[in-house]
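Beneath this line is the structure, given in structure tokens, with notes to follow.
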Amino acid sequence: MSAPVPGPVPAAVPGAVPAPGADVVLRGRTFGPGHPVVMAVVNRTPDSFYAPARHDDRSADAAVARAEEEGADLVDLGGVRAGRGPRVDVAEELARVLPLVERVRARHPDLLVSVDTWRAEVARAAALAGADLVNDTWAGHDPRLVEVAAEHGLGVVCSHTGGAAPRTDPLRVQYPLPDPLPPGTGPDVDPLDGVVLDVVATLRRAAERAVGLGIPPGSVLVDPTHDFGKNTWHSLHLVRRTQALVALGHPVLVALSRKDFVGETLDLAPEERLEGTLAATSVAAWLGARVFRTHDVRATRRTLDMVAAIRGDSPPVRAVRGLA
């Protein structure tokens with residue numbers, strides 16, 4: 001049997017690797033494309049949607065130590081479940097979060113600290129306790145929060161919820177395409193691009209306000225906030241359109257970890273959503289996202305480091321095959 005005749009070698013495709021996202025700058029440290037930033041979720045809450053993320057004081061301390069050991073650059077400390085549940089007032093949120101911020105700062109000096117809150121009072125107290133970043137997952141519901149971040153030299157996460165109030169779930173939310181379409185919109189516009197246009201416009205306004213208050217652009221993270229004010233189709237589309245967010249010129253944060261859009265896509269409970277999360281993480285990283293909020297630090301760290309090497313942003317740790 002004769003050997004097959006090889007076909008022509010395809011030419012390299014110019015620009016096949018998407019442009020890297022903006023560098024992340026927090027506490028005077030800069031993270032370039034070769035170092036994707038892993039943000040570990042540590043919830044000081046008894047009712048998080050993912051059972052292993054429910055922590056009291058003792059288990060939260062252990063979770064932080066484990067996250068650092070597994071490769072986290074940043075820990076995101078939260079005192080209130082994002083979804084529906086018992087009311088948590090400001091005093092209770094402070095009691096849950098502040099001692100943890102203080103302990104992390106004292107025991108883990110190299111670890112960056114984020115506080116997940118929509119309340120300016122909590123952000124101010126966290127700043128005084130040593131936080132580096134405020135993760136405002138409810139899209140400026142309290143407009144004073146970004147002012148607190150600027151006043152204390154913290155970074156801030158600008159998010160998108162489609163106008164949803166804190167701790168509410170989406171119901172038949174829609175993002176229709178505007179008529180007429182914005183100038184420059186290509187002929188291949190997708191009906192789902194309505195959500196992308198809304199997210200981009202909202203994040204641009206929020207980021208411009210943060211920069212105008214004096215927060216450096218590299219410390220203003222933009223988060224499309226998958227699932228918040230969105231259905232599963234919206235969240236999937238935002239992953240595939242990550243480059244539209246990267247084009248804003250700020251570091252893109254994605255919080256994909258074990259979310260409902262992963263569970264609904266694969267029909268899996270939160271405990272079984274790791275592989276789906278890592279698939280979405282890989283796509284977002286390839287397209288230029290820079291910060292990845294996760295419950296699974298080691299798996300995410302390894303996934304991101306592999307994507308960075310495939311993109312050419314960082315070299316292999318060891319490359320001897322065929323050379324030695």
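Hydrogens, waters and symmetry mates are skipped; everything else that's a heavy atom, side chains included, is used.
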Got Val291 and Phe31 here, is their nearest side-chain heavy-atom distance under 4.5 Å?
-> no
To the nearest 0.5 Å, how far apart are CZ in Arg241 and NE2 in His234?
-> 13.0 Å
How far apart are the closest heavy atoms of Ser257 and His295, and which atoms are they?
-> OG-ND1, 2.7 Å
Quick one: are Arg258 and Leu274 in side-chain contact, heavy atoms under 4.5 Å?
-> yes
For Leu236, does its backbone N or O pair with a side-chain atom of Lys230 as donor and acceptor, under 3.5 Å?
-> no
Any Asp305 side-chain heavy atom under 4.5 Å of Ser314 side chain = no
Heavy-atom distance under 4.5 Å between the side chains of His250 and Pro217, does that happen here?
-> yes
Does a donor on one side chain and an acceptor on the other come within less than 3.5 Å for Asp223 and Ser159?
-> no
What are the two closest heavy atoms between Thr300 and Thr281, and how far apart are they?
-> CG2-CG2, 4.5 Å
Side-chain donor or acceptor of Arg96 paired with backbone N/O of Asn43 under 3.5 Å | no
Taking atom CG of Leu221 and atom CG of Leu26, what is their separation to the nearest 0.5 Å?
-> 6.5 Å
Under the 3.5 angstrom rule, does the side chain of Lys259 hit a backbone N or O of His226 as a donor-acceptor pair?
-> yes
Are the side chain of Arg290 and the backbone of Val37 linked by a donor-acceptor contact shorter than 3.5 Å?
-> no
Answer with yes or no whether the hydrophobic clustering places Val283 together with Val196; edges join I, L, V, M, F, W, Y residues whose side-chain heavy atoms lie under 4.5 Å apart.
-> yes
Going by atom types only, do Thr137 and Asp116 share a side-chain donor-acceptor pair under 3.5 Å?
-> yes
Start with the C-alpha distance between Leu245 and Leu287, add both sets of side-chain angles, then the distance that settles side-chain contact (heavy atoms from CB on, under 4.5 Å), and finish with yes or no.
-> CA-CA 10 Å; Leu245 307 170; Leu287 295 175; over 6 Å; no
In terms of side-chain geometry, is the basic nitrogen of Arg124 or Glu151 positioned less than 4.0 Å from the acidic oxygen of its partner?
-> yes
Stepwise salt bridge (charged side-chain N to carboxylate O under 4.0 Å, His left out) test for Asp57 and Arg44 = CA-CA 7 Å; Asp57 279 341; Arg44 178 56 187 84; 2.9 Å; yes
Looking at Leu253, Leu112, Thr294, Val297, which one forms a side-chain contact (heavy atoms from CB on, under 4.5 Å) with Met39?
-> Leu253
Knowing that exactly one of Arg29, Arg293, Arg301 qualifies, which makes a salt bridge (charged side-chain N to carboxylate O under 4.0 Å, His left out) with Asp73?
-> Arg301
For residues 127-134, which side-chain donor-acceptor pairs fall under 3.5 Å, sequence neighbours excluded?
residue, atom, partner, partner atom, Å
Asp132, OD1, Arg27, NE, 3.1
Asp132, OD1, Arg105, NH2, 3.4
Asp132, OD2, Arg27, NH2, 3.2
Asp132, OD2, Arg105, NH2, 2.6
Asp132, OD2, Val113, N, 2.8

Please examine the side chains of Leu197 and Pro178, heavy atoms only from C-beta on, and report whether any two atoms are closer than 4.5 Å.
-> yes
Any side-chain heavy-atom pair from Val195 and Trp233 closer than 4.5 angstrom?
-> no
CA sep, side-chain torsions, deciding dist, call: Arg144, Asp142, salt bridge (charged side-chain N to carboxylate O under 4.0 Å, His left out) = CA-CA 5 Å; Arg144 300 171 299 159; Asp142 184 343; 2.8 Å; yes
Between Val24 and Val38, is there a shared hydrophobic cluster once you connect ILVMFWY residues whose side-chain heavy atoms come closer than 4.5 Å?
-> no
Kindly check if the number of other-residue, nucleotide or ligand heavy atoms within 6.0 Å of CG (Asp267) is above 12?
-> no
Is there a chain of hydrophobic side chains (I, L, V, M, F, W, Y, each step under 4.5 Å between heavy atoms) that links Val115 to Leu111?
-> yes
Going only through I, L, V, M, F, W and Y residues with side-chain contacts under 4.5 Å, is there a path from Leu213 to Val148?
-> no
Between CG on residue Asn135 and OG1 on residue Thr117, distance to nearest 0.5 Å | 9.5 Å
Less than 4.0 Å between a side-chain N and a carboxylate O, is that true for Asp260 and Arg273?
-> yes
Main-chain N/O of Val25 paired with Thr30 side-chain donor or acceptor, under 3.5 Å | no
Smallest heavy-atom separation, Val262 atom then Thr277 atom, equals CG1-N, 3.8 Å
salt_bridge(Arg209, Glu147) N-O dist < 4.0 Å | yes
Kindly list each side-chain donor-acceptor pair under 3.5 angstrom involving residues 199-207, sequence neighbours excluded, with atom names and distances?
residue, atom, partner, partner atom, Å
Thr202, OG1, Asp198, O, 2.9

Rounded to the nearest 0.5 angstrom, the NE2-CG distance for His55 and Asp61 is 10.5 Å
For the rings on Tyr175 and His237, is their centre-to-centre separation under 6.0 Å?
-> no
Hey, can you tell me if Trp138 and Phe228 have their rings parallel, tilted or perpendicular (30° and 60° cut-offs)?
-> tilted
Would you say Asp227's side chain and Phe261's backbone share a donor-acceptor pair under 3.5 angstrom?
-> yes
Is there a donor-acceptor pair under 3.5 Å between the side chain of Arg311 and the backbone N or O of Pro18?
-> yes
Side-chain touch Val254/Phe292, heavy atoms, less than 4.5 angstrom = yes
Does Thr232 reach the side chain of Thr265, with side-chain heavy atoms less than 4.5 Å apart?
-> yes
Among the clusters formed by ILVMFWY side chains lying less than 4.5 Å apart, do Leu278 and Leu304 turn up in the same one?
-> no
Take Val101 and Leu77 through the test side-chain contact (heavy atoms from CB on, under 4.5 Å) and record every step on the way to the result.
-> CA-CA 8 Å; Val101 173; Leu77 311 178; 3.8 Å; yes
Taking all non-hydrogen atoms of both residues, which atom of His141 and which atom of Pro166 are closest, and how far apart?
-> ND1-CD, 3.4 Å
Atom pair CG (Leu238) and CG (Leu256), whose distance is rounded to the nearest 0.5 Å = 10.0 Å
Is a side-chain donor or acceptor of His35 paired with a backbone partner of Gly32 at a separation under 3.5 angstrom?
-> no
Could you pull out the closest heavy-atom pair between Arg81 and Thr45, with the gap in Å?
-> N-CG2, 3.9 Å
Distance col, row Leu94:CG vs Asp89:CG, nearest 0.5 angstrom, shows 9.0 Å
So, the side chain of Arg298 versus the backbone of Gly71: is there a donor-acceptor pair under 3.5 Å, distance only?
-> no
Least distance between heavy atoms, Ala16 atom then Trp286 atom = O-CZ2, 4.0 Å
